[in-house]
Enquirer: 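Before anything else, here's the structure in question.
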Protein chains: 2
Amino acid sequence: MLSKKAQYAFRALAHLVEHYDSGPVLIAEIAKKKRIPLKFLESILLELKKNNILESKKGKGGGYFLKKDPSQTYIATVIRIVDGPISLLPCVSLYFYQRCKNCNEKHCGLHDIMKSVRDATLNILEKRTLKDLI
Amino acid sequence: MLSKKAQYAFRALAHLVEHYDSGPVLIAEIAKKKRIPLKFLESILLELKKNNILESKKGKGGGYFLKKDPSQTYIATVIRIVDGPISLLPCVSLYFYQRCKNCNEKHCGLHDIMKSVRDATLNILEKRTLKDLI
DNA sequence: TGAATACCCTACCAAACCAATAGGGTATGA
DNA sequence: TCATACCCTATTGGTTTGGTAGGGTATTCA
């Protein structure tokens, strides 16, 4: 399951996609419109900024906005930033790989199954983008 | 990610598949062979028994064994018992459905994306069985 | 029949994580 | 220079995870 944090992130990003091209959006505005706890949202947006998804402007007239065109940010990327691994097992993860202590990856049934699941999942999440959120 | 509990469950089930047709297997034997904490394993097997995956026999010569042929128990079923929902959002879950408070499922981009992921995932996990573990 | 066997049940615990809050600090621009 | 609005650190309550402890109960076989 995606965490609440990730769900908030996508709701906020959807708002920013809707307001793409109309300048920075206030955290407070997003929080109010999308009913997200303000301070929690603040930390989420900051994290997305640090990871190159968002850009911000301080001071009067400031706010958050998308760094790239909505079609250039993949859903998978956002999930990895906010929630971490997408795979069901560490030993089949591409970005968070850890080897199994107790199974031989060369012939482990579970490993093979979870690898198929990963491929099927990424085939969707690495094609769909923020543009698809609205 | 699958919890450690689920990973233990699959390791234990794999052992039981390997010993299908050779009578009950001791918890202690599984624990030792698969390096799983004994008491933790005990609770996992009990839960699988209560959910119709395993059968047990008490007393001398007793132990655990698969209730059905390995090809008749689906990976998805085991995950749902041990870890709960497979879907990434409650609003697209088949067995653990909860409606979204903040999105309209009829036209919510995230909803659609996660539904595709669910379908792709279940297409694998509801076809593969315990037999595929070995 | 009784004792050893082996599953069954309840309770508890520490560590980690999740969701959220608090309270300022710092850069910006009018 | 001051209000604005993002930036940063710390803390907190609650839940989940992973695991331990200890005894209860049913079964089998000598």
Enquirer: Donor-acceptor check, side chain of B:Ser93 to backbone of B:Leu89, threshold 3.5 angstrom: yes or no?
Expert: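 No; zero donor-acceptor contacts below 3.5 Å.
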Enquirer: Calculate the interatomic distance between B:Leu46 atom CG and D:dG19 atom C1'; express it in whole Å.
Expert: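 To the nearest whole Å, that distance equals 16 Å.
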Enquirer: Could you state the CD1-C1' distance from B:Ile36 to D:dT20, rounded to the nearest angstrom?
Expert: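 The answer, rounded to whole Å, is 16 Å.
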Enquirer: Sort and list the pairs that fulfil ring-ring contact (aromatic ring centres under 6.0 Å, His included) and have at least one residue in residues 10-55 of chain A, not counting sequence neighbours.
Expert: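 Applying ring-ring contact (aromatic ring centres under 6.0 Å, His included) to every pair that reaches into residues 10-55 of chain A, excluding sequence neighbours, yields A:Tyr8-A:Phe40, A:His15-A:His19.
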Enquirer: Between D:dC8 atom C1' and A:Ile44 atom CD1, what is the distance in whole Å?
Expert: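 Rounded to the whole Å, the gap is 16 Å.
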Enquirer: Give the B/S/- string for nucleotides 19-30 of chain C, one per nucleotide from 5' to 3', where a protein heavy atom under 4.0 Å of the base yields B, of only the sugar-phosphate yields S, and otherwise -.
Expert: SSBBBB--SBS-
Enquirer: Separation of B:Leu26 atom CG from C:dC8 atom P, in whole Å?
Expert: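 Going from B:Leu26 (CG) to C:dC8 (P), I get 12 Å.
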Enquirer: Does CZ in B:Phe96 sit with more than 12 non-hydrogen atoms of other residues, nucleotides or ligands closer than 6.0 Å?
Expert: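 Enclosed.
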Enquirer: Expressed as a whole number of angstroms, how long is the span from A:Leu54:CG to D:dA5:P?
Expert: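 One finds 18 Å between P of D:dA5 and CG of A:Leu54, rounded.
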Enquirer: Could you check how far CD1 of A:Ile27 sits from C1' of D:dC8, rounded to whole Å?
Expert: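 After rounding, the reported distance stands at 12 Å.
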Enquirer: A:Asp83 side chain to A:Ser3 main-chain N or O, any donor-acceptor pair under 3.5 Å?
Expert: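 Yes.
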Enquirer: Keeping A:Thr121 on the side-chain end and A:Val117 on the backbone end, is there a donor-acceptor pair under 3.5 Å?
Expert: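 Present.
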Enquirer: Could you state the atom-to-atom distance from OH of B:Tyr64 to C1' of D:dA26 in whole Å?
Expert: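 One finds 13 Å between C1' of D:dA26 and OH of B:Tyr64, rounded.
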Enquirer: Contact class for A:Leu45 (heavy atom, under 4.0 Å): base, sugar-phosphate, or nothing?
Expert: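 Nothing, no heavy atom under 4.0 Å.
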Enquirer: Check for a donor-acceptor pair, side chain of A:Ser87 on one end and backbone N or O of A:Pro90 on the other, with a separation under 3.5 Å.
Expert: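 Such a contact is absent between A:Ser87 side chain and A:Pro90 backbone.
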Enquirer: Using whole Å, report how far CE of A:Met1 lies from P of D:dT17.
Expert: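 So the CE-P distance, A:Met1 to D:dT17, works out to 12 Å.
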